[in-house]
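Below is one structure, written out as structure tokens; the observations come after it.
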Amino acid sequence: MIRTDGPERPFKGMNNNYSDMKKNISVFRIIPVLAVLILMACEKTGPADPSATRETVNLFQNLKEQQKEGLMFGHQDDLVYGVGWVYEEGRSDVKEVCGDYPAVMGWELGHLELGAPYSLDSVHFDKIRSLIRTVYQQGGVNTLSWHLRNPLTGGSAWDVTSTVVVRAVLPGGEKHGLYLEYLGRLADFMLSLKSDDGTFIPVIFRPYHEHTGSWFWWGKNLCTVEEYKALWRMTVEYLRDTRNIHHLLYAYSTDRFTTQEEYLERYPGDDLIDMLAFDLYDRGPDFPETLKNCAQIVSRLAAEKGKFAAVSESGGPIATQTDWWTARLLEPLRSIPLSYVLVWRNPWQGGSHAPFGPHPGNPSAPDFVKFYDDPHTLFLQEVSPGNLYR
Ligand code: BMA
């Protein structure tokens, strides 16, 4: 049931209702103002990396434009496993429910820093690399998260027993050398992301996420504002300047928040970040309202800064809330310019949490088809013809 007739999504033009005002303003006054506005707009059109590759610049600009047209759907680890299966080529729980693949694919790099062959979710990095290539060739978007281990204690990303981990990895810290090894392995992987013709594949890199909470070693109560920002700067400068990597778009991604000030408290800088995002799971009745409020703030800030915006992780009680996709996820986001919303993984081993993505037999599957059919949502077939990389 793959859709081929992409529904029309016209740009909503602004009202050109300013002719009266226009008469009174001399053209000589307008020219300098226009020149400044154009200069400001030009300054904001590119990614944070001034040397970003052509495909990366194109992806950045296309994602900004596409936000006005529709909301891409994303799913973590969609192509590698689902409910009751693992590693079956071409298989996807999302496709089995609605007939198309997600437009955005999330991948996890945790344990790459150790030189391990597979991630903390047991997915081989070779597999991830090859599927990133497939998704790129089909016109979809790849985004990479990184639940990297605690470099001071040797524990997991969730080991919050020490409040000096970030300090320890910064220059001069006792784990700085080890951390450069971690970053080195990350850089090697990024440099291996090439298409068949040798072009570097642009990806959205989303490290140090949910830092407004305190459950990861880089979280709010585990480091100071300045340490968190320095961690970001060190990471981006290492990848960009030391390793000459120019095909990454960097995502700043908080957990839930209430105000713009709270959102921006640890923002590391416009020269480092391309995508403004947040993670928000449905954990109670306030979810639609909170989702809308966070999305409005992030979308507005992204527009002001010349960046793009997304809901980088979400998920809800889809086993019991049968209209979750349309009523609780889509409606609050419908009128807000956002690049995508990505729901978290469908663990094949069970245990860690219930599946957040749609899957056959799930009570909310019919509602996911409505979500898919809605003209505002975009899946892989709908983004590939317009190729986001050209
Ligand atoms: C978490 C859970 C974990 C997983 C981690 C990294 O939210 O899904 O089971 O290991 O993300 O993907």
Side-chain angles (χ1 to χ4, degrees), residues 74-87 92-94 102 104-129 131-132 135 141-151 153-160 165 182 185-186 189 203-220 222 251-256 277-284 287 291 294 310-319 324 329 340-359 362:
H75 187 212
Q76 183 74 2
D77 278 349
D78 186 77
L79 297 174
V80 276
Y81 56 80
V83 176
W85 62 273
V86 60
Y87 282 6
S92 148
D93 279 352
V94 169
V104 179
M105 300 288 186
W107 309 103
E108 166 59 31
L109 298 182
H111 289 188
L112 180 74
E113 68 282 3
L114 305 178
Y118 52 84
S119 75
L120 77 164
D121 299 321
S122 307
V123 184
H124 288 81
F125 294 116
D126 286 347
K127 190 94 184 159
I128 293 178
R129 180 187 299 109
L131 286 167
I132 284 177
V135 170
V141 177
N142 291 288
T143 171
L144 299 167
S145 52
W146 195 22
H147 292 76
L148 76 165
R149 290 185 74 88
N150 183 319
T153 64
S156 74
W158 292 265
D159 180 349
V160 290
V165 187
Y182 282 14
R185 294 187 183 113
L186 174 80
F189 181 80
V203 295
I204 298 171
F205 181 44
R206 192 174 68 91
Y208 315 135
H209 64 303
E210 298 180 6
H211 60 283
T212 46
S214 297
W215 44 87
F216 297 127
W217 58 258
W218 55 85
K220 188 174 178 175
L222 289 304
Y252 173 77
S253 164
T254 65
D255 198 69
R256 66 176 58 216
F278 63 98
D279 294 359
L280 190 75
Y281 287 81
D282 185 346
R283 306 212 192 280
F287 174 74
L291 179 65
C294 292
V311 182
S312 39
E313 280 184 41
S314 190
I318 56 171
W324 189 78
L329 187 64
Y340 68 83
V341 57
L342 179 143
V343 295
W344 207 239
R345 63 201 198 97
N346 290 1
W348 54 280
Q349 292 158 308
S352 48
H353 50 74
F356 288 117
H359 49 280
N362 179 265

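First listed ligand is number 1; within each ligand, the first listed atom is number 1. Here, residue 1 is the first one in the sequence, and each next residue gets the next number. Every value quoted in this text rests on a predicted model; they were computed, and no experiment measured them.
Looking from atom 7 (O) of ligand 1 to the surrounding protein, the closest heavy atom is W344 NE1, 3.2 Å. The nearest heavy-atom contact from the protein to atom 5 (C) of ligand 1 is W158 CH2, 3.8 Å. Summary of contacts: the protein heavy atom closest to atom 3 (C) of ligand 1 is R345 NH2, 3.8 Å.
Atom CD of residue E210 and atom CZ of residue F278 lie 12.0 Å apart, to the nearest 0.5 angstrom.
Near S352, meaning under 4.0 Å from any of its heavy atoms, are these atoms of ligand 1: 9 (O). Taking a cut-off of under 4.0 Å to the non-hydrogen atoms of H353, the atoms of ligand 1 that pass are 2 (C), 8 (O). Heavy-atom contacts of L120 reach the following atoms of ligand 1: 10 (O) (cutoff under 4.0 Å).
Counting heavy atoms closer than 4.0 Å to ligand 1, residue W215 contributes nothing at all.
By heavy-atom distance, the residue among V123, D279, D121 lying nearest atom 4 (C) of ligand 1 is D121.
When the options W217, W218, W215, F216 are evaluated for a ring pair (Phe, Tyr, Trp, His ring centres under 6.0 Å) with W158, the one that passes is F216.
The two residues F125 and F189 have their closest heavy-atom pair at O-CE1, 3.7 Å.
Side-chain contact between V123 and Y87 is present, with at least one heavy-atom pair separated by less than 4.5 Å.
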Under the side-chain contact (heavy atoms from CB on, under 4.5 Å) criterion, do E108 and R345 qualify, and how do the steps go?
-> CA-CA 10 Å; E108 166 59 31; R345 63 201 198 97; over 6 Å; no

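A donor and an acceptor atom, one from each side chain of H111 and H147, are nowhere located under 3.5 Å apart.
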